[in-house]
Amino acid sequence: FISYPATSLLFFVPIANIMLLSKNTFPLYTRESPPKLFSKNIFSSRFDKYKIVPSFKNEKRSMKNITCLSSFFSSPNDQHFSLKAFTNAPSIIMDDEKEIISQKANNGIGIVEFFEGKNILVTGGTGFLAKALIEKMLRTTPKINKIYILIRAKDKGAAFNRLKSEIIESKLFKCLEEMHGEYYKPFILNKLIPIVGNIYEPNLGMDIITAQQITQQIDLIIDSAANTTFDERYDFALDANVNGPYQLVMFAKKCKNLKLLMHYSTAYANGEREGLILEKPFTMGESITKEKITTISSFTNFPSLHVDNEMDLVSKLKNNITNNIGLEQIMKNLGVERAKLYGWPDTYTFTKAIGEMMINSMRHEIPILILRPSIITSSYKEPFPGWIQGYRVIDPSIFLYGKGELPAVYCDQDTLMDVIPVDLVVNATMAAIAKHGYLQSPQLNVYHLATTFVNPLAIHQIFDYCYEYFTLFPLVNSKGDKIEVKEMKYFDKISDFSNYIWEVLSKQHKVQDLSEKELLKIHMRFKRKVEFLNNFSMLYEPYGFYRGRFHTGNMRNLMEEMSEEERKNFEIDASNINWKDYLTGIHISGVRKHVFEGKKLCI
């Protein structure tokens, strides 16, 4: 699946016969200018009074701290933020959880012990997050039994080739290879088993014999498969993010020894909710728009959101189109219109929320864990700093700026951008799986894996740090000249943004003494650039003006339940991250190395 959103043109054409309400009632792209919630000096004034108050117990574990010594990195932590004033939001702990926590008070959660001897089925195993999770499980819990990786391939040979090229030979696994030396390949080939399949199909696309074997052996299911393109076709997004979870839960019900099903969603599945957003599950029929209307007036009715209706809508529309001309754009428009109608900013977050509803509606007695990471970035420490796969959400803006092609941003510069390094997500995943895997309670638990609540980062800070980085380490153009970047400009109106881009382009290119034909050619080139940046900016608009903060009470409770040794080996405390050091010293360099290595970055 595509790892970062496409930046194709977005023309949201109303589809009159399929909207529940008229376009005039819920117009697309209407946004009031958000209030200035934070001043630029917020981080040196308002948060100075919130100090870190350790609440960790002093339990110790006899576990060796396994890490890649040759690549070990420790970031300075002179900038700590913990919004202690906001940590009193409710967090639910059931009675059976309290009993287990009490029993394990001296030894922590028991993360390593839980994974011993377990058989795990992983979907999306060749993707960025799942690959990092597989590496960590093999490196820190080597007594794990088998990890079955569902891979889309024509046959077993093709599946094994993908396993070899995309996982076993990946640079991510170099620390594991260093640990095992000449025994690395035998070790990893014994642990990782490729399974030919497709999450969209019954039995996950496995043949009958394989499916029967897997259902008898599996202890855990880790679902990391998703389509993450913001403006994907609605039919494709529903298939990946809704039908996929449906088929997975159907398969999970056949697993005899299943202790837990873990599903990755996204924190931004909370849609257009504002303020402090708690870790609560979605239920079928609800929507963000319905929540807002009900808050204003309990007597106002709004259509319920049901997955069957959405599937039927797509099917009927496709059946009514006699040819495929324009189908792709129609499906893209439909996805955005349906998302906006129900209170989500884009097709991706909308279908991820529906996927959560699907899981909740059909789980019955299956223990479910839903983890909602925010924007996942490169590794902070493990297995080495800066590892990343693919061009992630914040990276297009960073590198367009570094190349001198994005002199301004359409956003509120004080908006908090919630990012979290992939290794913190992986560590929280393993700790939460162990905790709820021990409990095996037939409940659905939701965790926000996010950082804004404990370590806020504003958009203007990101680009201030990028300015410092690209000033010291500039990119070069096609002529070999260093590209000079200027401090970022911010606009909260798309028209002002567009006008500024035109102004910058005009200053960059002298147009005197040119013929009419040459002037027309330059004008068309300018127009294409402005259109591209406008569409790019509109794609990211919901995140540039986002007004929510993700409560992370469950993640905090998890950290407090971990032993001192577990907190060291499975670090999840984001308050220790110095964002300036991370972005300038780890992340940007990591993207240049692991994404653009061998590729030209010049313009």
Side-chain angles (χ1 to χ4, degrees), residues 1-4 66-68 71-75 111 122-140 147 149 166-167 170-176 222-226 228 262-268 371-396 398 417-433 447-452 454-455 457 462 550 552 555 558-559 569-579 581-583 585-595:
F1 297 115
I2 298 172
S3 296
Y4 90 100
I66 305 172
T67 188
C68 183
S71 301
F72 179 78
F73 177 88
S74 179
S75 175
I111 300 171
V122 179
T123 68
T126 58
F128 171 50
L129 177 54
K131 188 183 293 188
L133 177 60
I134 291 168
E135 190 277 339
K136 176 80 175 191
M137 289 191 293
L138 292 174
R139 179 162 47 87
T140 58
I147 301 177
I149 304 176
E166 298 181 42
I167 295 180
S170 170
K171 290 182 180 179
L172 174 67
F173 287 75
K174 71 177 185 180
C175 294
L176 196 63
I222 294 174
D223 179 25
S224 186
T228 61
M262 192 285 291
H263 170 77
Y264 280 123
S265 183
T266 170
Y268 289 95
L371 302 183
R372 296 175 181 163
S374 56
I375 298 169
I376 306 177
T377 54
S378 62
S379 57
Y380 176 50
K381 290 182 180 179
E382 293 185 82
F384 50 85
W387 180 79
I388 191 169
Q389 176 175 295
Y391 213 28
R392 314 309 297 180
V393 175
I394 66 170
D395 302 326
I398 290 175
M417 186 64 65
D418 202 305
V419 300
I420 183 167
V422 65
D423 46 336
L424 268 67
V425 175
V426 164
N427 292 338
T429 299
M430 292 185 67
I433 285 176
Y447 283 66
H448 286 153
L449 308 183
T451 58
T452 291
V454 296
N455 194 351
L457 175 68
I462 294 176
F550 307 115
T552 52
M555 194 172 177
L558 190 68
M559 183 167 58
N569 291 294
F570 299 90
E571 183 177 0
I572 62 174
D573 186 3
S575 67
N576 291 326
I577 299 175
N578 181 305
W579 290 122
D581 291 343
Y582 170 72
L583 287 169
I586 297 176
H587 180 72
I588 300 176
S589 300
V591 175
R592 293 181 74 166
K593 179 178 180 180
H594 298 289
V595 178

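Any value given below was found using the heavy atoms of this structure, including those in side chains, with hydrogens, waters and symmetry copies removed.
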Any heavy-atom pair between the side chains of T552 and L449 that's under 4.5 Å?
no
Set of residues satisfying side-chain contact (heavy atoms from CB on, under 4.5 Å) with respect to T266, sequence neighbours excluded:
Y268, A269, Y348, K352
Take I167 and I149, measure what side-chain contact (heavy atoms from CB on, under 4.5 Å) needs, and give me the verdict at the end.
CA-CA 11 Å; I167 295 180; I149 304 176; 3.7 Å; yes
Output for pair (L138 CG, L133 CG), nearest 0.5 Å, gives 9.5 Å
Does Y380 use its side chain to pair, donor to acceptor, with the backbone of I586 at less than 3.5 Å?
no
Classify the side-chain pair T451/D418 by whether it contains a donor and acceptor separated by less than 3.5 Å.
yes
Any side-chain heavy-atom pair of M559 and D573 under 4.5 Å
yes
Taking I572's backbone N and O only, do any of them form a donor-acceptor pair with N427's side chain (distance below 3.5 Å, no angle check)?
no
Side-chain donor or acceptor of K136 paired with backbone N/O of F570 under 3.5 Å:
no
So, Q389 side chain and T126 main chain: donor-acceptor pair closer than 3.5 Å or not?
yes
Distance-only side-chain donor-acceptor flag, S378 / Y582, under 3.5 Å:
yes
If we count only N and O atoms by modelled type, under 3.5 Å, do the side chains of D423 and S379 hold a donor and an acceptor together?
no
Look only at the side chain of W387 and the backbone of K171, and say whether a donor-acceptor pair between them is shorter than 3.5 Å.
no
